[in-house]
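Step one of this worksheet: look at the structure below.
Here, residue 1 is the first one in the sequence, and each next residue gets the next number.
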Amino acid sequence: MRILSLNLLIAIISSSCSFIARSGNDASMPRIENASSIHGWLDKNRLRGYSVVTVSPESFLGTCTFFEKRKLIFNRNGKVAELGTNSTGVVCHFTTPREIQELEPDFSDFTEYLLSIKRSAKSIEDYNAGKFTETTDTTYFNIDSLNKYLHTPDGRKMQVVATPETDFLVVIPFAKYYGRTIQITDIKRYIKAIKENPKSNFQIILLNLDKQDWWDEESKKRIKLKV
């Protein structure tokens, strides 16, 4: 077993389950975003009233690779849900709207260990060039692992904590440069499923995966994103 590090220079984690294309035909060149631009984009797309988090630069690329378009469900204790297997028999930890809509409070298949493919890059340059070494690994991961790197859009340290009435935490990633057409439709499908679940209480966390204005200048230059 290995402890998950979201630092690119140590490891880049990606799930073995399939997921939709990262961006639509209206994707844009990545820009440096700030609290105003992020909240303004969410307001424009009627995604108001949810917790919004960003991640520190040292964990950014690993978080992007791990969460890219994947919605993860955690229980009140921070363990991640195991929601079936894909066609190759690998456990899927991210979920679909239908699974969310049918999820009951007594669901108990949660774990702190993810079976995943570890993609390692020796440097930022190798990452940008797509030069990876892949190995299968079992990784320790829970909400506390993610909390170590979370900040508000204006750079203040924060942690995701379940409220007393919460049954499940749902982390939904998004990025402005992914575009709107596919991404907004996809996010709203999940939120609709949450609202249509009559039995469980969900806490939604929107995880922004744009580069951030509050990062140090070196990180802004060093980390490169591609559409």
Can you tell if the side chain of [X] reaches within under 4.5 Å of the side chain of [Y], non-hydrogen atoms only?
| X | Y | answer |
| --- | --- | --- |
| Phe202 | Asn197 | yes |
| Lys188 | Leu47 | yes |
| Trp215 | Phe60 | yes |
| Lys220 | Asp213 | yes |
| Leu225 | Lys211 | yes |
| His151 | Val55 | no |
| Val52 | Ile38 | yes |
| Ile172 | Ile204 | yes |

Measure across Thr181 and Thr185 and return the closest heavy-atom pair with its distance rounded to 0.1 Å.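 Of all heavy-atom pairs spanning Thr181 and Thr185, the closest is O-OG1, 3.0 Å.
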Of the non-hydrogen atoms in Phe174 and Leu206, which two are nearest, and what is the gap between them?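 Closest pair (atom of Phe174, atom of Leu206, distance): CE2-CB, 3.6 Å.
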Taking only distance into account, with no hydrogens and no angle test, what donor-acceptor pairs under 3.5 Å do side-chain atoms of residues 159-171 form with protein atoms, sequence neighbours excluded?
residue, atom, partner, partner atom, Å
Thr163, OG1, Glu165, OE2, 3.4
Thr163, OG1, Thr166, OG1, 2.5
Thr166, OG1, Thr163, N, 3.4
Thr166, OG1, Gln203, OE1, 2.8
Asp167, OD2, Asn201, N, 2.7

Just by modelled atom types, is the [Y] backbone N or O under 3.5 Å from a matching donor or acceptor in the [X] side chain?
| X | Y | value |
| --- | --- | --- |
| Asn77 | Lys79 | no |
| Gln212 | Ile32 | no |
| Glu58 | Ser56 | no |

Atom pairs and distances, donor-acceptor, side-chain atoms in residues 100-108, under 3.5 Å, two or more places apart:
residue, atom, partner, partner atom, Å
Gln101, NE2, Glu196, OE1, 3.4
Glu102, OE2, Arg98, NE, 3.3
Glu104, OE2, Lys199, NZ, 3.2

Restricting to ring-ring contact (aromatic ring centres under 6.0 Å, His included), what partner residues turn up for His39, sequence neighbours left out? none
Checking Arg189 now: which residues fulfil salt bridge (Lys or Arg N to Asp or Glu O under 4.0 Å) with it, not counting sequence neighbours?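 Once residues adjacent in sequence are excluded, the partners of Arg189 under the salt bridge (Lys or Arg N to Asp or Glu O under 4.0 Å) criterion are Asp186.
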Go through the structure and list residues passing salt bridge (Lys or Arg N to Asp or Glu O under 4.0 Å) with Arg156, not counting sequence neighbours. Asp154
Check side-chain contact (heavy atoms from CB on, under 4.5 Å) between Asp216 and all other residues, then give those that pass, not counting sequence neighbours. Pro57, Glu218, Ser219
When rounded to the nearest 0.5 Å, the distance separating OG1 of Thr54 from OH of Tyr149 is 14.5 Å
Point-to-point distance, once rounded to the nearest 0.5 Å, from NZ of Lys44 to NZ of Lys176: 8.5 Å
Heavy atoms from other residues, nucleotides or ligands near NZ of Lys192 exceed 12 (cutoff 6.0 Å):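 12 or below, so no.
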Output, in order, the C-alpha distance, side-chain angles, deciding distance and verdict of side-chain contact (heavy atoms from CB on, under 4.5 Å) for Tyr178 and Leu209. CA-CA 9 Å; Tyr178 287 172; Leu209 297 179; 3.9 Å; yes
By the definition side chain to side chain contact (heavy atoms under 4.5 Å, CB included), identify the one residue from Asn208, Leu150, Asn147, Leu146 that meets it with Val53. Leu150
Can Arg48 and Asp43 be counted as an ion pair, charged N to O under 4.0 angstrom?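 Looking at Asp43 together with Arg48, the answer is yes, because their closest N to O distance falls below 4.0 Å.
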Kindly determine whether Trp41 and Ile184 satisfy side-chain contact (heavy atoms from CB on, under 4.5 Å), including the steps that lead there. CA-CA 11 Å; Trp41 187 85; Ile184 296 300; 3.4 Å; yes
